Amino acid sequence: MIRFDGVTKQFPDGTVAVDDLSLTAPTGKITVLVGPSGCGKTTSLRMVNRMIEPTRGSISLDGQDTGRMDQAELRRGIGYVIQHAGLFPHRTVLDNIGTVPRLLGWDRTKTRDRSRELLERVGLDPHLGDRYPAQLSGGQQQRVGVARALAADPPVMLMDEPFSAVDPIVRDQLQDEFLRLQDELGKTIVFVTHDIDEAIKLGDQVAVLRVGGVLAQVAEPSYLLAHPADDFVADFVGRDRGYRALQFQATPRLPLRSERTVVLGERPDSDAGWLLVVDDDRHPLGWVEPRRIGGRAVEDADLHRGGTVARADGTLRGALDAALSSPARRGVVVDDSGALVGTVLAHEVLSAIEDTDRPERDEDDPVHGGAVAVAADEA
Amino acid sequence: MDWLAANWRTVLDLGLSHLYLAGVPLLVGLALSLPLGWAAKRWRGSYPAVVTSTGLLYTIPSLALFVIMPLVLGTKILDPVNVVVAMTIYTVALLARTVADGLLSVPDHVEQAATAMGYRGLRRLFGVELPLAVPVIAAGLRVAAVSNVSIVSIASVVGVSQLGNLLVDGYRRIIWGELLTGIVATMLLALVLDLVIVAVSRGLTPWRAAAGARS
């Protein structure tokens, strides 16, 4: 657990970057600091490992005041991922990953083994280990940055906009893999971003900061979207928040209808409307319009692939999106294995949405809003 | 050519002492410039003072410096140490700034990463900063090497033997072969030192070649 206790940072020129910040980042959870530039989010992050010293207040790690710890020792115990990865250009990928273990005095072989293991863990080909950072793509460098931060298995990780310098598709991948990794590792993470979508996707808890380093609101993402504390937060979380909030709402039982299907290479048995094409395991492949193909067998090229697929145990956002994106206007719903369960119409999803409650404040902890609810979910 | 054929042993001896008089100060000067350059980076306020004061040393006329040295060091007037020390001063004059600039050329995000990983002190200097400063330092070293080889010639005037002797003697006695040999040998020596520095620098920075090879 990382605790900010009345932390203020005033720079020598008089600028107040962080103003009386009190915040707890719970153990094993991702706490995202988000806000516009000048809101002090990076300054707050860097005060945790004392790259910046607070002017007032204190920060503690599991109850230990970081101000009393040796700086270098403290830092070696905290994984740090920076924007643009910040890899050492003169060291190979494996040597970069092994940086902190070597500083901690691990021997060469053990460091090397650990570095190899991590290279694989972050989804990189082992043969990249002997390359130099300049020989990698931006996304690969960022993965190496994450591997380097994990190398000595620190319980705490600080991440400063780690995914902002890569293109959107790669960013999405990196975020998904990061969440998968966090599921396995359960680190205590403080993550800084200016991107509210990223904050909502990754955070167990999101802290919104405003310019001047004042904490505007801290809550779990769904609560933040449903109940912005003030105009600034409402503005910052953005326009589509009603729709985006659906991604935190589990799908209730939807009135699924069964769908007529056809397999590739088969002749459709009717001419009416849209037919769903599935493979032998009943995994949906796409839609066809039988009257367009004129009675011959369905080929791969006939498939209309515009529709997204929702999981029966997924979120309401997924279900609504499946319905809205389907050319047949019927959203495809699948089970865990990806096999077709049935289809659902947009208005049916909407009435399901009308029947669900918005996330409510946990009255026991007015400061942290929904943060406690996260912990409760775990128990 | 006839002159060289008859005197190649002398030329070789003079060449070796030229290499010694120019080369040793290069290494000693580099070693002295490292802490100076590091200090100029560490305490940013001292950068102008360090760079200016060392740079000014280069403006002292070499002949004057050679003559003053015995007075300062208490050495004999013909002692080669006088030349070695004087040349070291010139090397520092050129390299202190280069080392400071080299260390300052390390990208900011790399410095931050080094701090965040828990690097400090000498380990940080030798593990991260210096290796990345090698290209800039090597560039400065090449200038210093050529400059040293050229200035050392003047030491003939104070009686310390090296390739400059061929120029002085050849000029006085008007022996064209000797003059030409002196010029060519000096240039060759400068070229060899330059190539050695380039090779060592390449050897220390395999990552640069790798970066360049990226398609």
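A, B, ... follow the sequence lines: proteins, then strands. Residue 1 opens every chain. On a predicted model such as this, the values are computed, not experimentally measured, just so you know.
Of the listed residues (A:Arg91, A:Gln71, A:Arg50), the greatest number of heavy-atom pairs within a distance under 4.5 Å of chain B belongs to A:Arg91. Of the listed residues (A:Arg75, A:Gln83, A:Arg131), the one with the most heavy-atom contacts under 4.5 Å to chain B is A:Arg75.
Both the backbone and the side chain of A:Leu103 come within less than 4.5 Å of a heavy atom of chain B. Contact annotation for B:Pro107: neither backbone nor side-chain heavy atoms come within less than 4.5 Å of a heavy atom of chain A.
For A:Phe4, the ring pair (Phe, Tyr, Trp, His ring centres under 6.0 Å) test picks out no residue, with sequence neighbours left out. Legend: residues meeting side chain to side chain donor-acceptor pair (under 3.5 Å) with A:Asp113, ordered by chain and number and at least two apart, are absent. A search for side-chain contact (heavy atoms from CB on, under 4.5 Å) contacts involving B:Val160 returns B:Leu21, B:Pro80, B:Val83, B:Ala155, B:Val158, not counting sequence neighbours.
The distance from the NE2 atom of A:His90 to the OG1 atom of B:Thr205 is 11.5 Å, given to the nearest 0.5 Å.
Taking every heavy atom of both residues into account, A:Leu87 and B:Val110 meet most closely at O-CG2, 3.7 Å. A pairwise comparison of heavy atoms in B:Trp207 and A:Pro89 identifies CB-O, 3.3 Å as the closest pair. Smallest separation of non-hydrogen atoms from B:Gln112 and A:Arg46: OE1-NH2, 2.8 Å. Contact record, B:Pro206 with A:Tyr132: CG-OH, 3.4 Å, taken as the closest heavy-atom pair. Smallest separation of non-hydrogen atoms from A:Gly86 and B:His109: CA-ND1, 3.2 Å.
Listed in order of number, the residues of residues 118-144 of chain B that approach chain A to under 4.5 Å between heavy atoms are B:Gly118, B:Tyr119, B:Arg120, B:Arg123, B:Gly127, B:Val128, B:Pro131, B:Leu132.
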Exercise. Please step through side-chain contact (heavy atoms from CB on, under 4.5 Å) for the pair A:Arg76 and B:Met117, ending with a clear verdict.
Key: CA-CA 6 Å; A:Arg76 289 170 196 174; B:Met117 304 289 123; over 6 Å; no

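Counting non-hydrogen atoms of neighbouring residues, nucleotides and ligands closer than 6.0 angstrom, the OH atom of B:Tyr47 exceeds 12 such neighbours. Within 6.0 Å of the CG atom in B:Leu56, the count of heavy atoms belonging to other residues, nucleotides or ligands exceeds 12.
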